[in-house]
Structure formats: structure tokens, C-alpha cells
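In what follows, a single structure is set out as C-alpha cells and then discussed.
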Amino acid sequence: MSRFALVDCNNFYVSCERVFDPSLEGRPVVVLSNNDGCAVARSNEAKALGIGMGAPVFTLAETLRRHDVACFSSNYALYGDMSRRVVTTLGEMVPDLEVYSIDESFLDLSSFRAVDVAELCQRMVRTVKRNTGLPVSAGVGPTKTLAKVAAGLAKTHPCLAGVCDLTDETWLQRALAATDVGKVWGVGRRYEKFLKVRGINTALDLAGADRTMIQKRMGVNGTRLLDELAGISCFPLETNPPAQKGVGVSRTFASGIDDRISLDEALSSYAERAAEKLRKAGLRAGVMSVFAMSNRFDRKHFYYNTASVRFPTPTSAASEIIKGALSAFDEIYKEGLPFKKLGIQMRELVPESEEQLLLFDTVDRTRSTSLMKALDAVNATMGNHTLGYASSGLSGPKTWRTRFNHKSPSYTTRWDELPRVS
DNA sequence: TCTGGGGTCCTAGGACCC
DNA sequence: TCTGGGGTCCTAGGACCC
């Protein structure tokens, strides 16, 4: 029988902040999205205050003030680095590992005996805490979905000390009965509502639900979900993640922007970033689309449009992608309209090793490739944005730049921001 | 006034072809 | 008066995940 574990970092972003500022222990803490717009991570204390996932900060002002909640802007460099440390530690203990997200990994424990499993998980929880300072929980089950259920219980029931093993049938029934159907992996807001209207309130109800009805509303994923809850594994461990299908870069502005120069600068910087992501992954894109929208909360005047560009041959050259993005934007730009969000998406990705040469090419590919190599090398050694394109705007305050007013130092990724021990 | 970003997969419907 | 069927490809939209 297969057996999976899910190791999940508790309140990950908040816990990363706490590692470097222990005075935050026991205090309500939230980490905010870009532009310090929404609460995207909350400590248990913040959750207890009723601060919801994704709650807009302006609706929280009173709560944040009254309870002296510590607020942080997202520090992606720090979280990414801490995540790698967790994965390294886990990988040393269990070789079959799938990095599922920045704060979760699935492990294949099929070859471990039942008695070993709980002990192994407890050891993982202790080791990760010792090596990184981060609290994690582990759940075990015969399928990924059940391992997720187990991890959810491990996190919310302190008596389990961070580990929950649902290999045992009797515990499994009780665990499913205690799990809200909306918490099941693959059941989002829409499906939760649909299920609850039909009296399916818990994971146990769902496991016993009518297959045809589930299939009709939730498609093949619905039937897979039923199988997974019944202990039949449908989602294998993905140790070699399949090639990425797309690369996107988009940002919301702190307030609406209608001036064309700022919009072009913002878009150019996203194009630059997208090109960089492609090169880092060793990929090139055949097609790019640009999208632009106004404030989506103003439904009456909402504007959304996209335009696409096909490249003569797949590319990851910043200059070509910037040029394409700006000309595509020209098709959808509307004068006088306050834009709230711009973005680009790169699709039809191919490995750069599969280069297709064009008979009549307008770009000197060899030169442009070595230029990009040089640019990446400089930015890798001298720091991000040491070299960039003038079309993305010269340094200085910009209306389109994302706001991070409460950011902690990059403790682990910048020499000049290392924490000091005194 | 203020409301994130980056992904995946599935399905339905239309265009097109034989 | 009669007006097929099946396959493929593409896109948009909807659902989900973190």
C-alpha cells in the first residue's frame, strides 16, 4: 500500500519573520500582499482575532490598531530562502520528495513500516525546527488527499504535537468526520457551497456522496477526489515536476495610473522580468500576451483587454520581449482610463536547447544570446537590477512601483542585511 | 482612498476539415 | 422535400491550488 506524508510549515510567512525577531512570539502577526494590500499570512493569534485570509488591510485598520498587530510586507527573498532550507533538511531524511509549494512538501513513505512512520515524522518536525527555526506539521495517509487531511488536523490539534497518522482505518473515519468539506484539497468556495446545499458538510459525507452527481458537477477531478478519500491513490508523487507551461508577470498599482509613460515603464519592467524568468528556466516563449485592466472592484466601469504577439522564433531576449509587449499594449491602451493592473504571459515554451534558426532573421541571435548571458552574470554577482533597460525607467520614485512599507531585512540573502548578534 | 501574484487543469463551444 | 458525423484544434471561462 502506498503511504504519503505532507510536511507543511505553520503560518509560513509569519513564522519566517518570527525566526529573526523572537519578540513576535505570542503576538498577533500578519504578512501583507503586494502594495501592503491584503493579509496573506496570519499567526494563530491573528486568526483568533478574526483576521481572514486575503482580508483587505483597509477593512482591518481598527483591529490592527486595537490589538497592536505586527504587520509585515512580503519579503519574498527571505521566504524563498527559508523554504529551500526546509526542503534540504527533509530531503536528507526522506529521498522521495516532491516540493509542492513554497511551504509544503509531499514525501513517499511507502517503504517505511507503520511503527516507524509516526516516529520518523516526529523526528522531521524536530529536525526542521532545529535546523531552520520553523515550526512544521506532518500528516500521513494512503493518498495525498488524506495526507493533507491529516496535516490539517496535526496543525489544529495541539495534543497531536504536530504529527497525525491516518494510516489506521478507525482514526481515518473520525478524522474525516471532523474535517469540514470546504477544507478538503480540491474543494474551493464554489464546490463547498454546492456540496453544503446538498447536506454534504464533512469530508466523510463527501466520501459517501453519489458518484454521478459529483462527476456531473465537478468533472473527472471530482471522481478522483472520491477515490482519494477512499484510499485509492490517483495523484502519484511528482519527483520530477513536468515542464512549466507558462511564465507570467503582473502587478497591481497602488492607485490607478493613466499616464502612458508610467504604464510603458511598468510594462517594460515586467517584460524584462519575464525574459529573466525564462532564461533562468532555460526556456524560450513562442507567444506573448499582454493584458491590462482598470479597477476590478468598480464593476460599472471595468475594462479588461488582451493582445498577443507571436515571435518569429521562440525567444527569451529582453529587448525583443519588451518591444513586443509595448506594441501589443498599444492595441489595448485607452487614453484617460486609470489602469490598475498590467501583466504579460509567455506561452508555448520550448527548451532553449531546441533552437530553431530562421532563414531570414532580423535579429542577430548569437549576439543577443551572449548579451543576455552577460547581463544575467552581472546581475547575479553585482545584485539584481545592476543592469537593466532604460525603457523600464531610471531609478527613483515611480507611481507604478509596488509598495512595501513594512518590509523586514533580507536577513539571509544580503550581506548588508545580515542579522547582528550583540 | 485603500482590495496580491503565479500557476494548473478541465470543459464547452466554435471553426474547420474530411 | 430532403440538409451527417466525427475528429481536431483553439479559446474563453471556470474551477482549483498555494
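Residue numbers begin at 1 in each chain, while the letters A, B, ... track the order of the sequences.
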Measure the distance from [atom1] on [X] to [atom2] on [N] and round it to the nearest whole Å.
X      : N      : atom1 : atom2 : answer
A/M218 : C/dC17 : CE    : P     : 9 Å
A/N295 : B/dC2  : CG    : P     : 7 Å
A/R401 : B/dG5  : CZ    : P     : 15 Å
A/F253 : B/dG4  : CZ    : P     : 13 Å
A/Y100 : B/dG7  : OH    : P     : 15 Å
A/L225 : C/dC16 : CG    : C1'   : 11 Å
A/N34  : B/dC2  : CG    : P     : 16 Å
A/E238 : B/dC9  : CD    : P     : 9 Å

Candidate nucleotides [options], ranked by approach to the side chain of [X] - the nearest:
X      : options               : answer
A/R251 : C/dC18, B/dG6, B/dC10 : B/dG6
A/W185 : C/dC18, B/dG7, B/dC10 : C/dC18
A/K277 : B/dG6, B/dC10, B/dC2  : B/dG6
A/V40  : C/dC18, B/dG4, C/dA15 : B/dG4
A/F58  : B/dG6, B/dT3, C/dC18  : B/dT3
A/V249 : C/dA15, B/dG4, B/dG6  : B/dG6
A/S33  : B/dG4, C/dC18, B/dT8  : B/dG4
A/C38  : C/dC16, B/dT3, B/dC10 : B/dT3

Phosphate oxygens OP1/OP2 of [N]: is one of them under 4.0 Å from a side-chain N or O of [X]?
X      : N      : answer
A/K144 : C/dC17 : no
A/T402 : B/dG4  : no
A/S250 : B/dG6  : yes
A/K341 : B/dT3  : no
A/R403 : B/dG4  : no

(request) For the residue pair A/T402 and A/N34, confirm or rule out a side-chain donor-acceptor distance under 3.5 Å. (result)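 The answer is no; no qualifying pair exists.
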(message) Quick one, A/F106 with A/F4, criterion ring-ring contact (aromatic ring centres under 6.0 Å, His included). Give me CA distance, side-chain angles, the key distance, then yes/no.
(response) CA-CA 7 Å; A/F106 282 108; A/F4 297 93; 7.0 Å; no
(message) Tell me whether the ring of A/Y191 lies stacked over the C/dC16 base, given a 5.5 Å limit on centroids and a 30° limit on the plane angle.
(response)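 So no, this residue does not stack on that base, at least one cut-off failing.
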(request) Could you pick out which residue, A/K340 or A/R224, lies toward the 5' side of DNA chain B when each is mapped onto its nearest nucleotide? (result)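 Its nearest nucleotide being more 5', the pick is A/K340.
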(message) Which is more 5' along DNA chain B, the nucleotide nearest A/P56 or the one nearest A/Q244? Just name the residue.
(response)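 Looking at DNA chain B, the more 5' nearest nucleotide goes with A/P56.
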Heavy atoms under 4.0 Å, any strand shown: does [X] hit a base, just sugar-phosphate, or nothing?
X      : result
A/R217 : sugar-phosphate
A/V247 : sugar-phosphate
A/D36  : nothing
A/V31  : nothing
A/K216 : nothing
A/G54  : nothing

(request) Count the heavy atoms belonging to other residues, nucleotides or ligands that lie under 6.0 Å from CE of A/M1, then report whether that count exceeds 12. (result)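 For A/M1, atom CE is crowded (more than 12 foreign heavy atoms under 6.0 Å).
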(request) Using a cut-off of 6.0 Å, state whether more than 12 heavy atoms not belonging to A/K196 lie near its atom NZ. (result)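 It does: A/K196 NZ has more than 12 such atoms within range.
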(message) Using modelled atom types and a 3.5 Å cut-off, is there a donor and acceptor pairing between side-chain atoms of A/R42 and backbone atoms of A/I51?
(response)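 Indeed, once roles are kept as given, a pair shorter than 3.5 Å links the two residues.
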(message) Please report the distance separating the P of B/dT3 from the corresponding atom of C/dC18, rounded so that it comes out in whole Å.
(response)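 Pairwise P distance, B/dT3 against C/dC18, rounds to 25 Å.
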(request) Can you tell me the pairing partner of C/dC10 across any strand shown, Watson-Crick or G-U wobble, with both distances under 3.5 angstrom? (result)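 Here C/dC10 is engaged in a pair, and the nucleotide opposite it is B/dG13.
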(message) Ring-plane angle category for A/Y303 and A/F339, please: parallel below 30°, perpendicular beyond 60°, tilted otherwise.
(response)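 Rings of A/Y303 and A/F339: perpendicular, as their planes differ by over 60°.
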(request) Anything under 30° is parallel, anything over 60° is perpendicular, the rest tilted; go ahead and classify A/Y270 against A/F253. (result)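 Because their plane-to-plane angle is under 30°, the rings of A/Y270 and A/F253 count as parallel.
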